[in-house]
Amino acid sequence: MDGGMTPALTEGVSLDHYRRLFTEARDLTATAREMAQKNRRYYDGKLDAKLRQLLKRRKMPDFVINRVRPGVEGMVGIVERGKSDPIALPRNPADEESADAATDGLRYVCDVNRWHRIKCEAFRNILIEGTAGILTEVDAKLEVRFRRIRWEEFFYDPYSRELDFADASYMGIAKWQYLDEITAAYPEHREALVGACSAEYVDSTWQDRPNDNGATWADPKRRRLLVVEMYRRQDGVWWKCVFVSGVKLEEGPSPYLDDDGQPCNPIEAYSAYIDDENNRYGHVIDMIGPQDEINTYRRKAAHRATFRQLQETDPIAAYADPEEARREAARPDGVLPPGYQVVPDDKFGMDMSLLQEAKAEIERVGPNPSLLARGDASSGRQDLIRQQAGLTELAHLFGGIDDLEWRVMRQAWNRMRQFWLEPKWLRVRDEEAERGVRFLQVNEPVWGAPAPVIDPNTGFPQIDPVTRKIVMQPQFLGYRNELAKMSVDIIIDSTPDTANVQQEQYAQLVELAKVGALGPNPGPILLEAASFPRKRRMIEKIEAMSKQEPSPEQQQAARLALAKEAAGIDKTTAQAEEARARAARTAVQARNDMRPLVDPLMGPAIGL
């Protein structure tokens, strides 16, 4: 694949142009990044330094009741418990076998990269900072890799308005790396990189972590540089450029191709929300207000439990200093001096019902108990129905992570088609296979029957000079499961957490088996419906045992049993024949007794 190179791809742009784009992204997204940092602090349960000082001056507790983190983790937990697998569907009937191979290839890539974990981390970034990005690339061994971009390292076109960045003209990664790592990757630029390792200003969001060296492009003390990897669209084609403060390390068309064989942007990203000023933000921003209200009321309530305000009742009797009276009032066993009394607490009343309202509000914007299947429920099906009802207000967020997964799987499929050109064995998980896995070979060569080797000079079959026989060679017919020529569509099969429902259905099957509704032998049906580990191996063993040849002892016992049964049948038959003969003789005798007497001379007797 040549990627359809055009004359526009033969020329790049200056380093100043790339730096200008990075500066533009830095300046115009400063507000969004500040909101992301604030959301992250609330998720971590950190108290603002100014507020902590204010509370200290007022002698109020400075604890934090963190309701944001459980709310976020509740929604991440739903994604964690859910199961999703990429599936390749054939575009025509002839591609049905190819679609199965493509599905196995995508699942292999997901298993190698632990995609489910990356997906949960990306969803957490969407909820907190508001944006998540994933780069789909290949390593030195041509293995497809998913790289989640940290939110503080991701930059993008600030004029993009779509949640999925479909209209972005550039995006990239700004990441701190050690100088020796960069020079190992780009040895031809070693001298320029060593010279670039000097202080130069950059926005604090991209400061090195921990943040103690000022806002720079470089950290000479630790020998670290801020490396920018940018993908930008020029004349409809995506370019890649890697640079540091004053050195362009790499530039050219994107090495990754799309469905049409054109250079593409390998980064897929998604944002939770976009405001009217084009700032992207996460779901946590709706939790900040209720979170502050909860902490305010809880601090005030805790303060009231130990706070006592004094009032001077008799100036003449109040000989003690007010500070001494205040110290005595603060002590659990303190004695108030004469002339002072404690102000009744009802004068400083506080409506604690507002605290309950704040808790209800944060549950409404976060994962409510119905979504988490908390509370009493009589069956797993009721839990599932309650979860589906609780997802109504959060469907936008869960739909966004599903869309991001679909786009990432398409990127992975394009990497497989582009770079997996040689025969390759894949280990694919399969619950129905032995040990839960099976192996599949992609780009498998197919050989036919041997055919004569034709001499290109003479056009006749070649003759072996030793054996004087025609040289034969297996005929190459092509490849089986050739990824580069497959034509499939990628979808995501999402399955919710339905373990409780499955257990309930299995219990119903057991009850049906007890009343004989599943036939005389319900064992195979129940085993097939069960969720036991290694269920397929159990079924195979039972089937093998049923087909197993009996041992000689078992055969001898079976023959004896058959002989005994045959002897019993013969005895029963003889007894029946004897009974029938006896009955026949009895009938003949009875007829003879009833026959009239006949005198040979006189004739039949008239009477007795």
**Short side-chain to backbone donor-acceptor contact, D167 and R161, under 3.5 Å** = yes
**Item:** All pairs passing salt bridge (charged side-chain N to carboxylate O under 4.0 Å, His left out) where residues 262-273 contributes a residue, at least two apart
**Value:** E268-R407
**Request:** Show your working on side chain to side chain donor-acceptor pair (under 3.5 Å) between N265 and R232 and close with a plain yes or no.
**Result:** CA-CA 8 Å; N265 177 18; R232 69 176 183 87; over 6 Å; no
**Request:** Dump the intermediate steps for side chain to side chain contact (heavy atoms under 4.5 Å, CB included) on T136 and R145, then the final yes or no.
**Result:** CA-CA 6 Å; T136 307; R145 297 297 180 184; over 6 Å; no
**Prompt:** In this structure, are over 12 heavy atoms from other groups packed under 6.0 Å from R20 atom CZ?
**Reply:** yes
**Prompt:** Strictly under 6.0 Å, is that where the ring centroids of Y170 and Y18 end up?
**Reply:** no
**Partner of W413 under side chain to side chain contact (heavy atoms under 4.5 Å, CB included), chosen from R417, Q411, R415** = R417
**Request:** Determine, stepwise, if the pair E277 / T31 fulfils side chain to side chain donor-acceptor pair (under 3.5 Å).
**Result:** CA-CA 10 Å; E277 296 180 354; T31 303; 5.9 Å; no
**Fill in**
Separation between CG (L440) and OG1 (T103), nearest 0.5 Å, reads 10.5 Å
**Request:** Cation-pi check, R427 to F439: give yes when NZ or CZ is under 6.0 Å from the six-membered ring centre and within 45° of the ring axis, no otherwise.
**Result:** no
**Request:** For atom NZ of K38, decide whether the heavy atoms of other residues, nucleotides or ligands shown that lie under 6.0 angstrom number more than 12.
**Result:** no
**Prompt:** Between N113 (side chain) and V109 (backbone), is there a donor-acceptor pair under 3.5 Å?
**Reply:** yes
**Item:** Ring center gap for W217 and F22 short of 6.0 angstrom
**Value:** yes
**For R117, all residues meeting side-chain hydrogen bond (donor to acceptor under 3.5 Å, both in side chains), sequence neighbours excluded** = none
**Prompt:** Are D258 and R410 ion-paired here, with the side-chain N under 4.0 Å from a carboxylate O?
**Reply:** no
**Request:** Measure the CD-SG distance between E251 and C241 for me, rounded to the nearest 0.5 Å.
**Result:** 5.0 Å
**Min side-chain heavy-atom separation W239-Y231 under 4.5 Å** = no
**Request:** List the steps and the verdict of side chain to side chain donor-acceptor pair (under 3.5 Å) for W176 and E153.
**Result:** CA-CA 9 Å; W176 284 90; E153 298 173 353; over 6 Å; no
**Request:** Check the angle between the aromatic planes of F165 and F154 and answer parallel, tilted or perpendicular using the 30° and 60° thresholds.
**Result:** perpendicular
**Prompt:** Using the ring of each side chain (for Trp, its six-membered ring), is Y270 parallel, tilted or perpendicular to H396, with breaks at 30° and 60°?
**Reply:** tilted
**Message:** The criterion is ring-ring contact (aromatic ring centres under 6.0 Å, His included); which residues satisfy it with Y42, sequence neighbours excluded?
**Reply:** none
**side chain to side chain donor-acceptor pair (under 3.5 Å) assessment of Y108 paired with E143** = CA-CA 11 Å; Y108 165 80; E143 289 286 350; 3.3 Å; yes
**Request:** State, with a plain yes or no, whether a side-chain heavy atom of L397 is found less than 4.5 Å away from one of H283.
**Result:** yes
